[in-house]
Amino acid sequence: QVQLVESGGGLVQAGGSLRLSCAASGRTFRTYAMGWFRQAPGKEREFVAAISWSGGTTNYADSVKGRFTISRDNAKNTVYLQMNSLKPEDTAIYYCVADKTPYGLGSKEGLNEYGYWGPGTQVTVSS
């Protein structure tokens, strides 16, 4: 069982940066691939980024590639999303997720492929 809590959201101007953190409970955190999704007002929830259980493989949505970086610190049971060059269209609630099964490669992009979700953190980018 994995429980997730996000932090680090807030209000930032376009072009700025934020780092989201996701603290995970559970001794098996280090065996799960992790990811981030987001949901903007009036839009469907969408995949943002994912990282394999070992941290060796990452995967990004085209809309954030080159601007966002996902990483993890298994010793701290934490996954991060560094967001640079933020745009107003990045405004959304950001959700941390964990794979349904252990030892995932971080390649999954579907909502239903993740079994654990955090409550979300709001990110607002002003123009």
Side-chain angles (χ1 to χ4, degrees):
Q1 192 76 9
V2 178
Q3 294 179 324
L4 308 170
V5 178
E6 306 92 340
S7 62
L11 174 64
V12 63
Q13 289 188 331
S17 298
L18 280 175
R19 188 176 81 156
L20 304 183
S21 299
C22 173
S25 64
R27 294 180 299 171
T28 59
F29 163 80
R30 63 189 63 196
T31 65
Y32 284 85
M34 303 291 293
W36 292 90
F37 280 72
R38 68 185 181 185
Q39 187 166 19
K43 296 188 177 181
E44 295 185 350
R45 202 168 292 190
E46 63 176 4
F47 170 77
V48 175
I51 187 166
S52 64
W53 70 276
S54 66
T57 304
T58 56
N59 182 31
Y60 297 93
D62 288 343
S63 58
V64 307
K65 203 170 292 184
R67 301 188 298 121
F68 290 12
T69 302
I70 188 171
S71 61
R72 66 189 298 159
D73 185 338
N74 283 346
K76 296 182 178 180
N77 278 15
T78 302
V79 63
Y80 304 98
L81 185 67
Q82 177 67 44
M83 306 185 295
N84 299 328
S85 302
L86 282 161
K87 305 175 181 179
E89 50 264 44
D90 294 318
T91 295
I93 299 174
Y94 283 72
Y95 299 91
C96 177
V97 297
D99 203 341
K100 285 183 177 180
T101 55
Y103 304 112
L105 299 179
S107 59
K108 299 174 182 177
E109 299 183 8
L111 287 171
N112 294 329
E113 296 181 291
Y114 290 90
Y116 304 95
W117 291 74
T121 186
Q122 177 70 48
V123 171
T124 303
V125 184
S126 63
S127 57

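Predicted model only: the values in this text are computed from it and were never measured.
- We find the CG-OG1 distance between Leu11 and Thr91 to be 8.5 Å, quoted to the nearest 0.5 Å.
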Item to check | Stepwise side-chain contact (heavy atoms from CB on, under 4.5 Å) check, Met34 with Leu4 | outcome: CA-CA 10 Å; Met34 303 291 293; Leu4 308 170; 3.7 Å; yes
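- Between Leu86 and Leu18, the closest heavy-atom pair is CD1-N, 3.9 Å.
- Residues Gly106 and Ala33 share a closest heavy-atom pair of N-CB, 3.8 Å.
- When all heavy atoms of Ser107 and Asn59 are compared, the pair lying nearest together is O-ND2, 3.7 Å.
- Within a 6.0 Å sphere centred on CD of Glu46, other residues, nucleotides and ligands contribute more than 12 heavy atoms.
- Annotation: the span from Met83 atom CE to Thr69 atom OG1 amounts to 11.0 Å, rounded to 0.5 Å.
- Note: Arg38 CZ to Phe47 CZ = 11.0 Å, rounded to the nearest 0.5 Å.
- Ring geometry, Tyr95 versus Trp117: the interplanar angle exceeds 60°, so the pair is classed perpendicular (tilted spans 30 to 60°).
- Of all non-hydrogen atoms in Ile70 and Tyr60, the two that sit nearest each other are N-OH, 2.9 Å.
- From Tyr94, atom OH reaches atom OG of Ser7 across 15.0 Å, with rounding to the nearest 0.5 Å.
- Cluster membership for Tyr116 and Trp53, using ILVMFWY side-chain heavy atoms within less than 4.5 angstrom, is not shared.
- For the pair Thr28 and Pro102, the minimum side-chain heavy-atom distance is 4.5 Å or more.
- By the rule that hydrophobic residues join a cluster once side-chain heavy atoms approach within less than 4.5 Å of another member, Ile51 and Val48 end up as members of one cluster.
- Contact record, Tyr114 with Ala50: OH-CB, 3.6 Å, taken as the closest heavy-atom pair.
- Between Asp62 and Lys65, at least one side-chain nitrogen of the basic residue sits less than 4.0 Å from a carboxylate oxygen of the acidic one, meeting the salt-bridge criterion.
- At least one side-chain heavy atom of Arg67 sits less than 4.5 Å from a side-chain heavy atom of Lys87.
- The minimum heavy-atom distance between Phe29 and Asp73, with the atom names listed, is CE2-O, 4.2 Å.
- Both the sub-6.0 Å distance and the 45° axial angle are not jointly satisfied by Arg72 relative to the ring of Tyr32.
- At least one side-chain heavy atom of Trp36 sits less than 4.5 Å from a side-chain heavy atom of Cys96.
- A single hydrophobic cluster is not seen to contain both Leu105 and Val79; linkage of ILVMFWY side chains at heavy-atom distances under 4.5 Å, directly or through other members, places them apart.
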